[in-house]
Amino acid sequence: WGFGGGYTQAPDLDFAGVSRPMDYGYHMGAFVGWRQSEEVSLNAEFGFSESEYKGFASSLQTLSVMLNAVYVCDTGDFWRPYLSAGAGTIEVNFDRSTAGPFLPLTAGVGGSEWAFGYQGGAGIAFSVDETHAITVGYRYQAAEDVTISGRNVEYASHNITIGVVF
């Protein structure tokens with residue numbers, strides 16, 4: 001099992017066919033895993049992220065439930081690179097309480113919807129001892145075909161994560 005969090009970089013929000021950049025945000029999550037071999041493990045992950053538009057009263061939050069496969073390369077040293085891929089469901093929650101130049105005529109528009117999501121990542125695990133590691137990694141996460149207030153929303157984020165594995 002483990003947990004982590006970090007920086008959500010430049011998540012793009014495609015709302016009603018127009019792509020809009022968001023401010024940087026944060027994410028956090030936890031997982032429970034099952035080691036299949038020294039190199040391969042499976043895990044169930046729960047995550048949360050939040051980003052906002054700069055200067056406007058709007059936010060984008062996600063809640064994700066994912067099943068992941070992780071491949072760890074044994075280097076024979078204290079550091080081990082890893083690759084991960086996962087799929088599951090993501091709730092995309094968009095809240096817009098006031099209109100602005102990037103989102104005209106959208107005051108009060110908001111809502112949420114669960115959709116199919118997927119993610120992929122890579123990083124390095126640094127062993128602290130036989131059962132603990134500190135991880136530093138990158139993860140791309142996306143959800144498609146989300147409809148909020150009658151508009152199509154496509155979500156994608158780039159995440160830098162620091163975590164602890166037990």
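Note that these values count all heavy atoms, side chains included, but never hydrogens, waters or copies made by symmetry. Sequential numbering from 1 along the given sequence is applied to the chain's residues. Being a predicted model, the structure only gives us computed values, none of them experimental.
Closest approach of Val92 and Ile148 over heavy atoms only: O-CD1, 3.7 Å. Nearest approach of Glu91 to Ser112, heavy atoms of both residues: OE2-OG, 3.2 Å. Among all heavy-atom pairs drawn from Gly117 and Met66, the shortest one is C-CE, 3.7 Å. Residues Trp114 and Leu63 share a closest heavy-atom pair of CZ3-O, 3.7 Å. When every heavy atom of Tyr140 is checked against every heavy atom of Ala156, the shortest pair comes out as OH-CB, 3.4 Å. Across Val146 and Ala115, no two heavy atoms sit closer than the pair CG2-CB, 3.5 Å.
Two residues are said to be in side-chain contact when any heavy atoms from C-beta on lie closer than 4.5 Å; Tyr71 and Tyr82 fail this criterion.
With sequence neighbours excluded, the residues that form a side-chain hydrogen bond (donor to acceptor under 3.5 Å, both in side chains) with Tyr138 are His158. For Ser127, there are no side-chain hydrogen bond (donor to acceptor under 3.5 Å, both in side chains) partners, not counting sequence neighbours. With sequence neighbours excluded, no residue satisfies side-chain hydrogen bond (donor to acceptor under 3.5 Å, both in side chains) with Ser41. For Leu83, the side-chain contact (heavy atoms from CB on, under 4.5 Å) criterion is met by Ala122, not counting sequence neighbours. For Thr147, the side-chain contact (heavy atoms from CB on, under 4.5 Å) test picks out Glu113, with sequence neighbours left out. Every salt bridge (Lys or Arg N to Asp or Glu O under 4.0 Å) that Glu45 has, sequence neighbours left out, goes to Arg139. Residues passing the side-chain hydrogen bond (donor to acceptor under 3.5 Å, both in side chains) test with Asn68 are Asn43, Gln119, sequence neighbours excluded.
Pairs engaging residues 115-137 under the ring pair (Phe, Tyr, Trp, His ring centres under 6.0 Å) rule: His132-Phe166 [sequence neighbours left out]. Evaluation of the salt bridge (charged side-chain N to carboxylate O under 4.0 Å, His left out) test over residues 29-44, restricted to residues two or more places apart or in two chains, returns none.
Side-chain atoms of Glu52 and Ser59 form no donor-acceptor pair, as typed in the model, at a separation below 3.5 Å. In the model, Tyr155 has a side-chain atom that pairs as donor or acceptor with a side-chain atom of Ser157 under 3.5 Å. In this model, no donor atom of one side chain and acceptor atom of the other lie less than 3.5 Å apart for Ser51 and Asp23.
At a threshold of 4.5 Å between side-chain heavy atoms, the hydrophobic network of Ile, Leu, Val, Met, Phe, Trp and Tyr places Leu67 and Phe46 in two separate groups.
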Show which side-chain atoms of residues 72-81 pair as donor or acceptor with protein atoms under 3.5 Å away, not counting sequence neighbours.
{"unit_1": "Asp74", "atom_1": "OD1", "unit_2": "Gly76", "atom_2": "N", "d": "2.9"}
{"unit_1": "Thr75", "atom_1": "OG1", "unit_2": "Asp77", "atom_2": "N", "d": "3.2"}
{"unit_1": "Thr75", "atom_1": "OG1", "unit_2": "Trp79", "atom_2": "O", "d": "2.4"}

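Of the possible polar contacts, one joining the Asp129 side chain to the Thr131 backbone as a donor-acceptor pair under 3.5 Å is found.
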Go through the steps to decide whether Ile134 and Val128 satisfy the test side-chain contact (heavy atoms from CB on, under 4.5 Å), and finish with yes or no. CA-CA 7 Å; Ile134 295 172; Val128 176; 3.9 Å; yes
Step by step, work out the side-chain contact (heavy atoms from CB on, under 4.5 Å) result for Thr8 and Gln141. CA-CA 10 Å; Thr8 297; Gln141 185 181 70; over 6 Å; no
Please test Val136 against Thr161 for side-chain contact (heavy atoms from CB on, under 4.5 Å), starting from the C-alpha separation and ending with a verdict. CA-CA 6 Å; Val136 178; Thr161 302; over 6 Å; no
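Phe31 belongs to a hydrophobic cluster whose other members, connected by ILVMFWY side-chain contacts under 4.5 Å either directly or through intermediates, are Val165. Taking Ile, Leu, Val, Met, Phe, Trp and Tyr as hydrophobic and joining them when side-chain heavy atoms fall under 4.5 Å apart, one finds Met28 in a cluster with Tyr26, Phe48.
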